[in-house]
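Beneath this line is the structure, given in structure tokens, with notes to follow.
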Amino acid sequence: MTWEQEIAEIAKRKELAKGRGGPEGVARQRRRGKLLVNERIDGLLDPGTLTEFMSLVGRPEYDEAGELVAFTPKGAIEGFGKVNGRKVVVSAGDFTVRGGSGGGDGSDGLGSEKRSNQRALEWRLPYVRMLDAAGGSVRGFETLGRTYLPDGNMWSTFDTDLLRNVPVVSAVMGSVAGLPAVNACMAHFTIMVKGISQLFPGGPPVVKAALGYDVTKEDLGDERIHVYQSGSVDNLAEDEEDAFRQIRQFLSYLPQNVYEMPERAEPTDDPNRREERLRRLVPRDRRRAYDGHRAINWCVDEGSFFEIAPFYGRSRITGLARINGYPVGVMANNPMHEGGSTDVKGGSKVIRLIQLCDMFHLPMISFADEPGFMVGIESEKLGIERAGARLVMATCQSQMPWATVVMGRIFGVAGQCQHRPTGMFQRWAWPSGRWGSMHIEGGAMAAYRREIDTADDPEAKQAEIEQRLQDLASPFRTAEATGQDIIDPAETRPLLCEFVEDAQAILRTQLGPCPYPYMP
């Protein structure tokens with residue numbers, strides 16, 4: 001006797017599951033310009049590498065003879081797969097099945113198998129969520145025959161622990177609400193797709209019931225809100241294929257988990273390359289701005305910079321790159337926006353990058369032209385002091401090797417956050433560097449107000465004082481007293497390549513969980 005009948009039953013159920021939420025749900029997904037869940041899995045993973053688990057969970061329909069006649073699968077596909085040849089765990093929501101809601105699919109009862117997030121944690125594998133789910137639905141109450149107390153933290157505990165152990169990516173691929181909207185932000189990297197993604201705790205009907213006004217789901221939570229304003233989502237993809245590409249690139253810089261080192265790529269750029277253009281990057285006229293991206297792109301391996309949150313907090317640039325093949329975290333001030341001053345938004349980006357590098361053993365490379373924390377009434381309303389305190393703490397708590405290249409200004413407490421007094425830290429300054437507790441122009445009026453106000457010619461007196469102080473501001477005077485290294489900007493890449501090479505030995509001693517939790 002064989003088990004052919006039961007084996008055929010497995011194939012039958014899987015074949016029925018291919019219909020997902022039925023023709024109407026599939027057609028609605030197509031009309032919205034969105035891929036189906038299986039197409040998303042195929043677009044992200046290396047071909048043929050998906051090993052699905054919990055694939056038989058769903059709602060069956062039987063005839064009077066007890067024969068299975070229809071089967072609606074649960075609202076997600078979960079499984080193991082490979083991205084760039086490396087194993088990951090993936091969970092992809094299926095909006096064609098009850099809007100991607102997991103409620104009432106029978107997967108949470110006694111004896112249930114482990115969910116994808118728990119498997120990623122215990123297998124120590126990167127975790128990718130492709131979210132297209134409306135969260136809980138009141139329809140589930142009828143299935144359960146009751147309501148329930150919210151107890152989703154029994155699963156969110158795993159999501160919290162994941163952030164301290166493996167790389168986590170969330171892709172918002174449609175309208176995402178409820179707990180999935182929070183899961184979107186419980187990640188090291190978050191991405192939306194232009195034109196098809198929205199994110200909110202409660203959608204337009206909930207807003208109408210709670211606040212009494214009508215709003216479209218796009219105006220409530222598309223990329224205009226979350227990529228450009230709230231910062232809840234890091235990057236924007238032009239289409240779903242671009243989202244898959246960005247996810248693959250982001251993961252390529254990170255190790256499988258905190259117990260492993262990031263993989264070095266085959267070097268493609270000369271580590272001794274001297275970049276002469278850096279000598280002309282910072283203008284002598286301090287009133288002229290320049291693009292901080294150039295400093296990064298001219299120093300890292302050619303074409304390797306992957307920017308994170310490019311449209312949010314634009315006075316600071318953050319991202320990942322390679323230097324002589326080694327993955328690194330990179331940040332820079334960008335004088336093209338707000339003069340490069342660190343505001344609340346820019347500071348939050350920097351904190352997340354510091355945490356990411358510390359968590360996954362990446363050296364930090366900072367290109368500094370820091371005029372200070374953003375001042376003014378609006379900055380005060382946003383809580384710049386508390387934001388600054390968080391940045392100071394994140395800097396001091398970090399332990400990964402860190403190198404700062406001082407390109408221009410570096411003032412005040414924000415400038416202080418470009419320095420770390422412990423661990424492997426290196427700082428070089430270009431001849432264009434200027435520093436101090438504050439700018440001489442503003443500081444002279446504050447410190448010499450009485451002398452200026454009582455002078456016969458206050459403007460002339462202020463100019464005289466400022467010139468006197470400027471004479472003291474030469475970086476070479478600092479070098480004479482402190483040993484600060486002043487370098488030819490063209491030497492920056494070779495020095496960084498040497499630093500990153502030396503950093504590998506230190507990073508290997510820091511394997512394992514970071515002492516401080518990752519906070520999204």
Side-chain angles (χ1 to χ4, degrees), residues 32-35 40 43-44 93 95 128-134 167-178 180-204 207 215-251 253 291-293 296 305-320 329-332 334 336-338 342-353 355-356 374 378 382 387 519-520:
R32 292 172 175 170
K34 300 193 296 183
L35 296 176
R40 288 170 173 167
L44 175 68
F95 205 84
V128 180
R129 305 183 189 95
M130 288 191 282
L131 298 165
D132 195 354
V168 180
V169 173
S170 290
V172 181
M173 311 297 284
S175 294
V176 176
V182 175
N183 288 148
C185 296
M186 296 183 73
H188 300 108
F189 177 63
T190 309
I191 190 167
M192 298 181 86
V193 181
K194 182 185 292 186
I196 67 170
S197 301
Q198 301 87 36
L199 182 71
F200 27 65
V207 173
V215 64
T216 67
K217 62 183 179 179
E218 290 80 13
D219 288 340
L220 183 60
D222 70 5
E223 66 268 15
R224 294 170 297 168
I225 298 294
H226 292 304
V227 175
Y228 290 89
Q229 296 184 50
S230 76
S232 295
V233 175
D234 294 316
N235 283 28
L236 179 64
E238 288 296 317
D239 51 34
E240 295 192 55
E241 287 75 15
D242 184 39
F244 305 145
R245 180 194 64 77
Q246 291 194 45
I247 292 169
R248 289 193 293 267
Q249 186 172 359
F250 175 80
L251 290 175
Y253 298 98
D291 188 352
H293 292 87
I296 295 174
F305 180 54
F306 177 74
E307 189 167 1
I308 298 174
F311 305 115
Y312 177 76
R314 300 182 71 183
S315 65
R316 296 299 298 264
I317 303 167
T318 57
L320 303 173
V330 187
M331 62 183 181
N334 192 8
M336 298 291 288
H337 296 276
E338 306 291 353
T342 298
D343 58 4
V344 173
K345 293 180 178 181
S348 70
K349 282 171 54 172
V350 169
I351 289 171
R352 293 185 70 234
L353 181 67
Q355 293 181 118
L356 182 71
M374 177 60 67
E378 292 305 314
L382 294 172
M519 300 298 291

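Note that the coordinates shown come from a computational prediction; the quantities given were computed from them, not determined experimentally.
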Pairing residues for [X] by the side-chain hydrogen bond (donor to acceptor under 3.5 Å, both in side chains) criterion, not counting sequence neighbours:
X      : value
Ser170 : Arg129
His293 : Asp291, Glu307
Ser348 : none
Asp343 : none

With sequence neighbours left out, write down each residue that passes side-chain contact (heavy atoms from CB on, under 4.5 Å) with [X], or none if nothing qualifies.
X      : value
Val207 : Leu211, Tyr213, Val215, Leu220
Ser197 : Val172, Met192, Val193
Glu241 : Leu35, Asp239
Arg314 : His337

Quiz item: Residues two or more places apart in sequence or in another chain: which of them pass salt bridge (Lys or Arg N to Asp or Glu O under 4.0 Å) with Glu218?
Solution: none
Quiz prompt | Carboxylate-amine/guanidinium proximity below 4.0 Å for Arg224 and Asp219 | solution = yes
Practice problem: Measure the CG-CG distance between Leu199 and Leu131 for me, rounded to the nearest 0.5 Å. | Solution: 8.5 Å
Quiz item: Rounded to the nearest 0.5 Å, how far does CD1 of Ile191 lie from CG of Asp234?
Solution: 9.0 Å
Quiz prompt | Pairs satisfying ring-ring contact (aromatic ring centres under 6.0 Å, His included), at least one member in residues 220-244, at least two apart | solution = Tyr228-Phe311
Practice problem: Enumerate the residue pairs fulfilling salt bridge (Lys or Arg N to Asp or Glu O under 4.0 Å) with a member in residues 181-197, sequence neighbours excluded, ordered by first and then second residue. | Solution: Lys194-Glu238
Practice problem: Identify the heavy atoms of Lys349 and Arg316 that sit nearest to each other, and give their distance. | Solution: NZ-O, 2.6 Å
Self-check item: ring pair (Phe, Tyr, Trp, His ring centres under 6.0 Å) partners for Phe250, two or more places apart
Solution: Phe189
